Amino acid sequence: RRHGQKWMLVNAVGCRNVLKLKRLLGASIEGDSEQQTRRADEVTKGIQNMGGVYPKLAQRLINADGIVTSDALRKSLRQTLENNQERSLKEVQSHFLKHGGPDVPKNINWASMEVLGVGSVAQVIRVDVDIGNGIETQVFKMSFPDTKKTFETHFAQLSNCVEFLNWRKEEEAAAFLQVLLSKKDKILEEFDLEQEAINTERAHPAVGRCAATLSGKNTSVLEYPGGQVRVRVPQVWGISKYLLRQEFARGQSLNKAAEFMRGGAADGAARVLEQVLGSALDPAAKEASRMRALQDMLPYATPPVAHVVGNLLSVGASLHGAVPVLGCLMLKGDDAHGDPHAGNMIHDLKTGDFWLTDWGTVVKVGDRADAFRWIVSHASRATYDRIESSNTVAAPVLEAGRAQARRLSDKVTFGAWLELFRAARREDNVSVSLQDIKDELGPDSDVVPVVEIIVLTSAAVQTSISLLESFDAGQHMAADWGLRGLSEVGLLVIWSGVASLLGDPQVATTNSVDWLPPPRR
């Protein structure tokens with residue numbers, strides 16, 4: 001028989017894991033804050049224990065509202081899935097011998113090795129190298145063929161499960177399985193460090209052009225009230241498909257900043273900071289004065305207070321530098337960062353550099369970038385009309401938005417774009433998620449990666465805002481930056497301002513020069 005016992009046995013392995021992952025990601029987590037945290041961590045541990053590709057898939061689905069319904073679980077997944085098992089020194093040395101070739105330095109001091117990061121696909125290390133006239137610290141990124149083989153095996157098991165679930169008429173599970181399989185190509189691409197080296201080299205001039213455009217002065221430094229930031233891409237030297245040398249991006253990621261601010265150590269530090277700012281500054285002081293006060297106190301602060309201050313300064317650099325540049329890449333049609341989550345954004349307080357790392361995947365809007373710019377502009381205009389005109393949006397704005405949306409896709413409406421930018425209102429009768437759009441378009445649509453970037457970048461913006469909103473001093477600074485408005489419309493405020501600088505005049509920001517509007521009085 002076609003569907004005999006052996007057939008069912010072969011397909012059961014992948015299907016069991018599909019159902020288990022679906023159940024864990026969709027877990028209902030209730031109780032008080034402490035209970036939710038504990039239960040969420042238990043669920044995350046269960047996903048980690050599945051091993052192989054499954055934690056990676058969970059990481060890719062964190063922002064899928066229709067799949068992950070608990071904010072506590074989403075928070076736990078972000079924090080915990082970054083902490084993978086690191087490879088031993090012996091394994092690293094063996095990897096260098098096998099995949100290094102003549103381009104690997106000969107005089108590496110392996111006793112100096114420090115693991116900078118461990119993901120489900122790659123591990124990044126730092127070592128000291130004797131270069132003849134001194135010691136140089138070098139950074140290497142490794143991906144592992146054995147891990148890739150495990151991922152491929154798991155994807156094969158998942159593929160075998162498709163017919164089984166259809167035969168069983170498990171429609172909901174079959175739809176979830178298709179979501180998992182749609183991630184296959186992008187995840188496996190991350191193992192190819194030769195391609196990452198190519199992507200990174202292409203990103204260098206593109207980021208430089210965007211920074212020059214946004215600065216208005218043809219420089220790489222973006223200035224804002226009370227600070228400045230230089231958005232950078234690390235230099236890379238491709239060694240092999242599984243080994244890459246890269247420039248050391250010093251600093252702290254936005255993810256690490258968020259983890260600290262959510263911890264208990266930040267509470268007392270925040271109260272000290274509020275007392276200092278409250279006594280040193282008049283409540284009506286301008287933002288530049290506050291920023292200068294933060295900069296001045298940083299060298300003298302206790303470590304916890306310094307950490308809070310540094311996080312605030314990193315938020316400013318993110319919202320005024322990294323996020324606008326990420327938007328510019330997409331709105332101009334250049335190779336846009338394919339995985340712009342907060343862990344890939346690193347700020348160096350000492351130099352003011354803001355690093356965009358991990359260019360393993362890129363997305364290109366191409367010749368339809370102008371349509372995307374207009375969608376951003378019209379969506380922003382619609383939001384501004386609602387704020388200023390009692391929720392009434394001019395009909396020409398809606399019609400123009402719909403026309404541009406059709407240029408990108410017949411199936412993603414202007415209302416769907418509004419929802420993705422968190423600019424829709426209840427009266428729109430629009431309730432659409434990232435997953436809804438991806439299900440509608442299918443895994444091969446070139447609009448899907450664009451939608452994913454919007455969701456990832458928007459999440460990074462919300463991470464920054466949540467840091468500011470966690471205590472009074474941050475809320476004062478948020479008001480000075482116009483972030484009360486940003487809390488309402490998220491990423492849209494920044495990217496609509498970027499669109500205006502790239503040549504589209506109909507934008508909703510109250511200042512066509514700066515992508516963050518002036519504070520509301």
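The chain is numbered in sequence order, starting from 1. Predicted, not measured: the structure shown is a model, and the values here were computed from it.
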**Complete:** d(Leu116 CG, Gln246 CD) to nearest 0.5 Å is 8.5 Å

**Request:** Verify the ring-centre separation between Phe248 and Trp355: is it less than 6.0 angstrom?
**Result:** no

**Prompt:** Is the closest side-chain heavy-atom distance between Lys148 and Val121 below 4.5 Å?
**Reply:** no

**Request:** Say whether, by atom type as modelled, one donor and one acceptor occur between the side chain of Glu247 and the main chain of Gln235 under 3.5 angstrom.
**Result:** yes

**Sequence-distant partners of Arg407, side chain to side chain donor-acceptor pair (under 3.5 Å), two or more places apart** = Asp370, Gln404

**From OG (Ser120) to CZ (Arg60), nearest 0.5 Å** = 8.5 Å

**Item:** Shortest non-hydrogen contact between Ser215 and Val221, atoms and distance
**Value:** CB-O, 3.5 Å

**Fill in**
Minimal heavy-atom distance between Ile47 and Ala58, with the atoms involved, is CG2-CB, 3.7 Å

**Request:** Mind listing the closest non-hydrogen atom pair of Ser253 and Gly343 along with its distance?
**Result:** CB-O, 3.8 Å

**Prompt:** Do the non-hydrogen side-chain atoms of Leu73 and Thr44 ever get within less than 4.5 Å of each other?
**Reply:** yes

**Message:** What's the separation between atom NE2 in His337 and atom CG in Asn344, rounded to the nearest 0.5 Å?
**Reply:** 5.0 Å

**Asked** So do Gln85 and Val118 actually touch side chain to side chain, heavy atoms under 4.5 Å?
**Response** no

**Prompt:** Without hydrogens or angle criteria, can the side chains of Glu136 and Gln138 be said to hold a donor-acceptor pair below 3.5 Å?
**Reply:** yes

**Message:** Distance check, rounded to the nearest 0.5 Å: Ser458 atom OG versus Leu491 atom CG?
**Reply:** 5.5 Å

**Prompt:** Do Leu158 and Tyr54 have side-chain heavy atoms sitting under 4.5 Å apart?
**Reply:** yes

**Asked** Run the side chain to side chain contact (heavy atoms under 4.5 Å, CB included) check on Thr147 and Phe191 step by step: do they pass?
**Response** CA-CA 9 Å; Thr147 303; Phe191 287 91; 3.9 Å; yes

**Item:** Trace of the side chain to side chain contact (heavy atoms under 4.5 Å, CB included) decision for Met142 with Tyr242
**Value:** CA-CA 6 Å; Met142 301 166 287; Tyr242 298 107; over 6 Å; no

**Item:** Within-4.5 Å side-chain heavy-atom neighbours: Leu193 and Gln195
**Value:** no

**Asked** Where is the tightest heavy-atom contact between Lys241 and Ser143, given as atom of each residue plus distance?
**Response** O-OG, 3.9 Å

**Message:** For a 4.5 angstrom cut-off between non-hydrogen side-chain atoms, does Gln252 reach His347?
**Reply:** no

**Modelled atom types, side-chain donor and acceptor of Glu91 and Ser88, under 3.5 Å** = yes

**Fill in**
Partner of Arg232 under side chain to side chain donor-acceptor pair (under 3.5 Å), picked from Asp353, Asp348, Thr357, is Asp353

**Message:** Using side-chain heavy atoms (C-beta onward) and a distance below 4.5 Å, is Val325 in contact with Phe354?
**Reply:** no

**Prompt:** Should Val179 and Leu61 be marked as a side chain to side chain contact (heavy atoms under 4.5 Å, CB included) after you check the CA-CA gap, both sets of side-chain angles, and the distance that decides it?
**Reply:** CA-CA 9 Å; Val179 172; Leu61 293 170; 3.6 Å; yes

**Item:** Atom pair NE2/OG1 of His341 and Thr457 - distance to nearest 0.5 Å
**Value:** 11.0 Å

**Message:** side chain to side chain contact (heavy atoms under 4.5 Å, CB included), that's the test. Do Leu57 and Phe155 meet it? Break it down for me.
**Reply:** CA-CA 11 Å; Leu57 287 168; Phe155 275 122; 4.3 Å; yes

**Asked** Any donor and acceptor pair, going by atom type alone, linking the side chain of Asp128 with main-chain N or O of Ile135 inside 3.5 Å?
**Response** no

**Prompt:** salt bridge (Lys or Arg N to Asp or Glu O under 4.0 Å): which pairs involve residues 316-341, sequence neighbours left out?
**Reply:** Arg209-Asp334, Asp335-Lys364

**Steps toward salt bridge (charged side-chain N to carboxylate O under 4.0 Å, His left out) verdict (Glu152, Lys184)** = CA-CA 9 Å; Glu152 289 171 336; Lys184 176 182 175 181; over 6 Å; no

**Prompt:** When rounded to the nearest 0.5 angstrom, what distance separates NE2 in His154 from NZ in Lys56?
**Reply:** 15.5 Å

**Message:** Set out, in order, the CA-CA distance, both residues' side-chain angles and the distance that settles salt bridge (charged side-chain N to carboxylate O under 4.0 Å, His left out) for Lys149 and Asp146, then state yes or no.
**Reply:** CA-CA 5 Å; Lys149 187 175 181 179; Asp146 58 337; over 6 Å; no

**Salt bridge flag under 4.0 Å for residues Glu172 and Lys22** = yes

**Item:** Heavy-atom closest contact (Arg250 atom, Ile346 atom, distance)
**Value:** O-CG2, 3.7 Å

**Prompt:** So, does Ser240 use its side chain to make a donor-acceptor pair with the main chain of His99 at under 3.5 Å?
**Reply:** yes

**Request:** Check for a donor-acceptor pair, side chain of Arg87 on one end and backbone N or O of Val92 on the other, with a separation under 3.5 Å.
**Result:** no

**Message:** Restricting to non-hydrogen atoms, name the atom on Val412 and the atom on Ala405 that form the minimum distance, rounded to 0.1 Å.
**Reply:** O-CB, 3.8 Å

**Prompt:** Is the centre of the Phe140 ring less than 6.0 Å from the centre of the Phe96 ring?
**Reply:** yes

**Message:** When you compare the side chain of Leu25 with that of Leu77, does any pair of heavy atoms fall below 4.5 Å?
**Reply:** yes

